[in-house]
Amino acid sequence: MQKLNGKGMHYKDLNQWLKAQVAAGEREFLLENINGQRYLGTGISADLTITVQGTPGSDLGAFLDGPTIIVHGNGQDAIGNTMNAGKIIIHGQAGDVLGYAMRGGKLFIRGSVGYRVGIHMKEYQQQRPVMVIGGTAGDFLGEYMAGGILVVLGLDRQPNQPLVGELVGTGMHGGIIYLRGEVDPAQLGRECSIFPADTEDLQLLRAILAEYCQDFSLELDTIMAEQFFKLRPVSTRPYGQLYVG
Amino acid sequence: MLGIRPRIPSGCAISGIMSRKGRRMNGEAIIQSIALMHDRSNGLGGGFAAYGIYPQYKDHYAFHMMYHSETAKINTEMYIREYFFIDGSEPLPTRPLPQIGESPILWRYFLRVRPEALNVNGFLKDERDFVVDVVMYINNQIDGAFVASSGKNMGAFKGVGYPEDIGRFYRLEEYEAYLWTAHGRFPTNTPGWWGGAHPFCLLDWSVVHNGEITSYGINKRYLEMFGYKCNLQTDTEVVTYIFDLMVRRQKLPFAIAAKAVAPEFWHKIDRLPADEKELITAIRQVYGSALLNGPFSIILGHSRGMLGLSDRIKLRPMVAAEKDDLFFLASEESAIREICPAPDRVWAPRGGEPVLVELEEGVEV
């Protein structure tokens with residue numbers, strides 16, 4: 001394992017160091033005293049593990065293509081931007097626009113997240129991105145979602161604290177959003193509908209959440225005990241007639 | 001030269017620190033906080049507002065001036081002397097830095113209004129309204145003169161450069177304030193110039209802003225009806241004047257003023273309980289022209305506290321944190337942790353949700 005004290009280091013130097021170490025064959029990294037450095041893990045196509053102590057900067061794991069990144073702390077904005085493969089685990093909370101246009105890999109967050117999370121997630125054949133949010137999510141969750149799986153658990157929720165914000169799934173035309181608990185239909189965008197999760201959904205959820213619970217030392221059965229709902233798009237081509245009518 | 005330049009991935013940065021007990025701290029921490037977000041600015045503007053820095057002159061209007069020529073300075077001083085007692089007049093202390101280009105003449109005055117200046121045709125004019133008129137006159141009528149700040153016991157320190165360099169240039173480590181705000185600029189629609197750097201100040205108000213006010217034209221015309229002139233080539237100016245109008249002149253609570261500039265959407269208002277619905281509807285009807293549209297996150301500083309606010313759909317970031325008597329607001333959590341590694345609480349306010357922090361009751365500053 002290669003250790004690095006990131007105190008005061010610029011993100012370019014930090015990422016160059018990482019790339020040089022990976023080129024030299026290293027596969028395990030511990031980055032300590034990280035604070036605000038952006039784009040960590042970007043541009044490395046390899047199977048490796050980066051453990052981060054601190055608060056990494058925005059665009060953590062942007063275009064991520066293989067590595068596993070574990071953050072012991074909070075994340076900022078735009079984590080997993082357009083990520084392709086690999087896994088990001090955030091033990092704290094995180095900011096806005098997570099998993100933007102994500103097209104593969106896994107993004108697990110223990111706490112709550114901000115606005116515009118999972119916008120335009122997509123899938124193709126075997127590529128099916130998965131995001132699990134342990135707490136609650138802000139407005140525009142899954143906006144323009146085209147594929148993949150988004151799960152919101154609402155753990156440690158205060159009474160009256162909504163599970164998700166406004167305009168969930170606006171423009172959604174693919175993929176699936178699972179919600180652990182009910183939601184006021186007025187919070188949903190016009191392009192998706194809500195259904196109770198069926199047996200097949202619960203099987204899929206159990207598989208995803210077993211891994212999630214292992215990563216965060218949580219009790220799977222307790223989480224599965226609550227009722228889940230799913231949001232699906234009402235049409236795969238909501239704007240198909242926009243320019244022809 | 002082909003003029004190929006590296007991409008600068010930036011987007012403005014703001015930060016604010018305040019002690020609710022009125023404890024003063026020097027400019028070191030706020031410089032470190034804004035410097036952590038260096039990559040959000042592009043070197044075309046940085047600045048700071050500091051409250052509590054002039055206890056020896058705390059009842060004077062502290063005018064921080066920028067002059068583009070000696071003539072502008074002479075003309076301004078002739079004008080000021082007519083209406084004010086000038087109890088202090090000196091250059092703003094600076095240190096030369098290779099990172100900072102040529103600066104305007106930077107000067108400060110400590111002023112008291114001459115009582116006769118407030119007598120307008122037998123009517124007594126409100127002193128602060130009068131000072132606003134003076135600031136508007138200097139900024140718009142005296143060529144090459146610009147008032148950077150005009151409040152009591154506070155001041156703005158700003159210019160063209162990266163914020164941490166601007167902070168060193170103005171020797172902010174020599175000032176003690178209970179409230180600091182800072183800005184790193186990435187000018188989008190207007191040129192980067194010394195007067196156009198943030199914060200934007202009027203009386204005790206200061207505004208640092210990340211974003212763009214797309215309703216600028218409507219806000220500007222609305223403010224002109226109340227005597228504010230918006231000629232400083234930046235959208236942020238309107239934010240300062242809107243709060244001066246609503247909170248100082250019209251005595252609205254901050255929470256109401258914040259609702260006017262960032263109200264709920266109508267589809268949400270329809271679902272509110274009846275009394276709230278009536279209130280927000282009334283605010284939108286009366287203050288429709290004060291609504292700030294477009295992406296923004298701002299920190300409004302004033303002599304008793306600060307207000308953090310982002311636009312209704314949160315198109316710009318804002319993180320808040322607390323530690324004992326200290327309160328923090330910043331564009332990024334890491335900018336807070338740089339100076340406070342273990343806050344008691346860290347959270348992201350919702351879009352349009354005002355974060356109000358004030359000095360504890362009874363704290364005199």
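These figures come from a predicted structure and were not determined experimentally. Proteins get letters first, then strands, A, B, ... in listed order; numbering begins at 1 in each.
Counting non-hydrogen atoms of other residues, nucleotides and ligands closer than 6.0 Å to CZ of A/Arg190 gives a total of 12 or fewer. Around CD of A/Glu182, the count of heavy atoms belonging to other residues, nucleotides or ligands within 6.0 Å does not exceed 12. For OH of A/Tyr144, the number of neighbouring non-hydrogen atoms (other residues, nucleotides, ligands) closer than 6.0 Å is 12 at most. Counting heavy atoms of neighbouring residues, nucleotides and ligands inside a 6.0 Å radius, atom OH of A/Tyr178 exceeds 12 of them. With a 6.0 Å radius and a threshold of 12 heavy atoms from other residues, nucleotides or ligands, B/Lys314 has its NZ atom above the threshold. The number of heavy-atom neighbours closer than 6.0 Å to CD of A/Gln161, taken from other residues, nucleotides and ligands shown, is above 12.
Contacts with chain B were tallied for A/Thr55, A/Asp139, A/Leu167, A/Asp77; A/Thr55 has the most, counting heavy-atom pairs under 4.5 Å. Per-residue heavy-atom pair counts under 4.5 Å with chain B were compared for A/Ile34, A/Val97, A/Asp96, A/Asp184, and the maximum is reached by A/Asp96.
Between A/Gly75 and B/Glu333, the shortest heavy-atom distance links the atoms O-OE1, 4.5 Å. Of all heavy-atom pairs between A/Asn35 and B/Leu36, the closest is O-CD2, 3.5 Å.
Taking NZ from B/Lys268 and CD from A/Gln187, the interatomic distance works out to 8.5 Å, rounded to the nearest 0.5 Å.
Looking only at distances, no side-chain donor or acceptor of B/Glu332 sits under 3.5 Å from a matching main-chain atom of A/Gly36. Side-chain atoms of A/Gln93 come within 3.5 Å of backbone N or O of B/Val346 as a donor-acceptor pair. At least one donor-acceptor pair closer than 3.5 Å links the side chain of A/Arg116 to the backbone N or O of B/Ile313.
The shortest distance between side-chain heavy atoms of B/Arg312 and A/Glu166 does not fall below 4.5 Å.
For B/Arg337, the parts lying near chain A are the backbone and the side chain together; criterion is any non-hydrogen pair under 4.5 Å.
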